[in-house]
Amino acid sequence: MKLFFKYLDISNQVIQKKGFFDLQVVRQFGKKVLHIRAMKYFFAAINRKKINSEYSITFVRVLKACLCILVFFQIGLTAQVDYENNPEFEKSIKEYLSMKESNPENPVIQEESLNDMGYKMIEYGNLEKAIGVFIINTRLYPASSNTYDSLGEEYMLAGNYDRAIKNYQKAAELDPSSFYATQMVDQLTAFKGFEKLSEPEKNYEAFWYLFDANYCFFDLKNIDWKARYEKHRSKVTANTTDDELYEIMVETLEGFNDAHVDIRVPNGPHFDAGKPSYIRGVLKEVKEELKLESDSKWVMLDHFMKMSDETLLKAGFEPMQYKGLIMEDKPWFYHTTSEDYGYLRFISCYSRVITEEGDLEVLLDEIFETFKGKKGIIIDVRLNGGGYDGVSFMVAGKLTKEKILGHTKQTRIKGDTYSEPEEHFIEPSGKHQFENPVIVLTNDRTVSAADVFALATKQLPNVKIVGDNSNGSFSDVLEKRMPNGWILNLSNQRYFSPDGENYEGKGVPVDVKMQNTLEDIVEKNDPIILKSLKMLGK
């Protein structure tokens, strides 16, 4: 395994320094890492037997990706500015079609694999080659709306709005129920109308349009978006610098108080429009009190968790156990038990290693096996930065044996029109569920998918929530790219409790309100855990 990861590091160097299509270098790398004929039997074996080891799963996925890349090089796909009417490119497409006809199950020509590869090429700066991959995918899967959607996106990134619109129109034609492609046709048509403006003016117009067409909380937050345009647009001229343009956009977003709104300048500044946080202020005080030099969120998180861990040990719990990885060698799940109670903490709803439902279910079954027979458990999502709603619902599914509505959500389509409400249910997950009393801990940095976890578990009869209201930023993040390559994130979805309450900006209310203080963290004493244990003991 160590040797394999050594070659993964080599592959990253190849990708970053040589580019995806340096055929000679990658073939040399391929000879070192894998033998294609052997891989055929390896994949056949793993498809017959489920692998639960997190490193084995990673191993399999990366090897599949390597195989796809190597076969791409062997069929001779090369970078072209324009693939249309190119005989060599057409020859490559015919080889792909022949491959699909002879072996439809070949992992190299699967729609999802090709799509993933195209986006990976973009990640490493190979936009032109990514377009070639997506064109191949449309030819292999001409009835798939998603293939044309992806190709439209890449033409948009390349600045070719005409071809982007053409492919989004095709995507909308193939899947009339999907409103995203239609939205993109509208967006790119608007962008084309800005093309005669200077670069700064064009980008401010695009910035304003993207929020105007997609953001869904102007009324809820009393934001007069048109008035902000009138106030700030006049500041932008042909002579406006990038730094000045960035600051004008930041001023335009003042007071949004939305953790899902930000501006990212590649290799430059990043503005986060999230609302002020009590607990972040406390952690800043901790840094000053303890004279910490690092600004890393992980360092501050470690101090917060030490407070809880020491409190649990003093309360008779066993030393903390760990499962899974998120990033930077941080565990995904922390769990422990005492004679009567259990404790589970997860600080993210993402995971670098485990991503599929079956893998998560195995981890949760192993953890909840340790909670069997306990009088109650605490689930701690304080400082949980969010991720996937599916993770939140699977953990919530360990707390009920009945199917219960967790929330509904709608997506803004155009103007005041929203999609039909989607119902999201908590369903029993895994081998067994815990139905005794549960305390969920939240604070104002319980964000996004962790907000959703708080909202879902609030619907369960055996759950009480203790701490501070969650952050109140529920929407999936909608990412948009401006003509200059700057990235905007924004909220285009609204979530409702089963009784119709929208907690956006307010957060999910707690049953018992408590906030950690500077003294709590410095002295490693967590009164919120102690209060929860008392509640479970009643």
Side-chain angles (χ1 to χ4, degrees), residues 276-348 367 370-371 374-385 395 437-447 450 453-454 464-471 510-538:
S277 165
Y278 165 81
I279 195 61
R280 275 185 170 175
V282 170
L283 292 174
K284 184 178 179 180
E285 292 177 355
V286 170
K287 177 189 173 185
E288 295 170 355
E289 177 76 13
L290 300 180
K291 296 180 171 57
L292 302 174
E293 295 182 1
S294 174
D295 287 322
S296 168
K297 66 177 182 179
W298 297 113
V299 171
M300 303 314 301
L301 179 62
D302 283 343
H303 280 276
F304 189 91
M305 292 193 298
K306 285 177 183 177
M307 167 191 69
S308 301
D309 294 352
E310 289 293 325
T311 303
L312 289 166
L313 284 171
K314 292 174 184 176
F317 281 75
E318 296 294 322
M320 196 67 68
Q321 303 295 309
Y322 314 98
K323 284 191 181 296
L325 292 174
I326 307 172
M327 57 188 72
E328 298 182 18
D329 297 325
K330 287 292 178 185
W332 194 8
F333 291 113
Y334 302 71
H335 63 101
T336 182
T337 59
S338 67
E339 182 177 349
D340 293 324
Y341 306 112
Y343 172 88
L344 170 64
R345 173 200 303 144
F346 57 113
I347 58 174
S348 173
I367 293 170
T370 69
F371 297 157
K374 301 303 180 185
K375 297 178 181 177
I377 60 174
I378 299 170
I379 299 182
D380 194 343
V381 289
R382 292 174 294 178
L383 300 182
N384 185 310
V395 179
V438 177
I439 304 292
V440 170
L441 308 185
T442 63
N443 62 18
D444 68 11
R445 291 307 299 167
T446 299
V447 187
F453 179 75
K464 297 291 183 183
I465 303 179
V466 176
D468 202 358
N469 284 16
S470 66
N471 181 271
V510 296
D511 295 291
V512 177
K513 188 174 180 63
M514 297 181 70
Q515 295 176 317
N516 289 112
T517 65
L518 168 67
E519 290 73 24
D520 294 342
I521 299 173
V522 172
E523 297 174 8
K524 299 179 181 178
N525 179 62
D526 192 342
I528 296 178
I529 284 181
L530 295 176
K531 174 65 174 179
S532 300
L533 290 172
K534 285 184 180 179
M535 291 173 63
L536 290 174
K538 291 183 179 179

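Taking all atoms of both residues into account, the shortest heavy-atom contact from Y278 to N516 is OH-O, 2.8 Å. When all heavy atoms of I529 and L312 are compared, the closest pair comes out as CG2-CD2, 3.8 Å. Closest non-hydrogen pair, V381 versus T446, comes out as O-OG1, 2.8 Å. Of all non-hydrogen atoms in T336 and P319, the two that sit nearest each other are OG1-O, 3.7 Å. Nearest heavy-atom pair, R280 versus R445, reported as atom, atom and distance to 0.1 Å: NH2-NH2, 3.0 Å. Between T442 and R382, the closest heavy-atom pair is C-CG, 3.6 Å.
Annotation: side chain of K330 is in contact with side chain of D302 (closest heavy-atom distance under 4.5 Å). At least one side-chain heavy atom of H303 sits less than 4.5 Å from a side-chain heavy atom of L290. For the pair L536/K375, no side-chain contact is recorded, criterion being any heavy-atom separation below 4.5 Å from C-beta on. Counting only heavy atoms from C-beta outward, the side chains of R345 and H335 never approach each other to under 4.5 Å. Between T337 and Y343, every side-chain heavy-atom pair lies at or beyond the 4.5 Å cut-off.
Of the candidates I439, V510, I379, V510 is the only one forming a side-chain contact (heavy atoms from CB on, under 4.5 Å) with I465. When each of D468, N443, D444 is checked for a side chain to side chain donor-acceptor pair (under 3.5 Å) with S277, only D444 meets the rule.
Comment: D340 does not engage K374 in a salt bridge, judged by the lack of any side-chain N to carboxylate O separation of less than 4.0 angstrom.
Qualifying salt bridge (charged side-chain N to carboxylate O under 4.0 Å, His left out) partners for K287, counting only residues two or more places apart in sequence or in other chains: D295. The side-chain hydrogen bond (donor to acceptor under 3.5 Å, both in side chains) search around S470 returns D451, not counting sequence neighbours.
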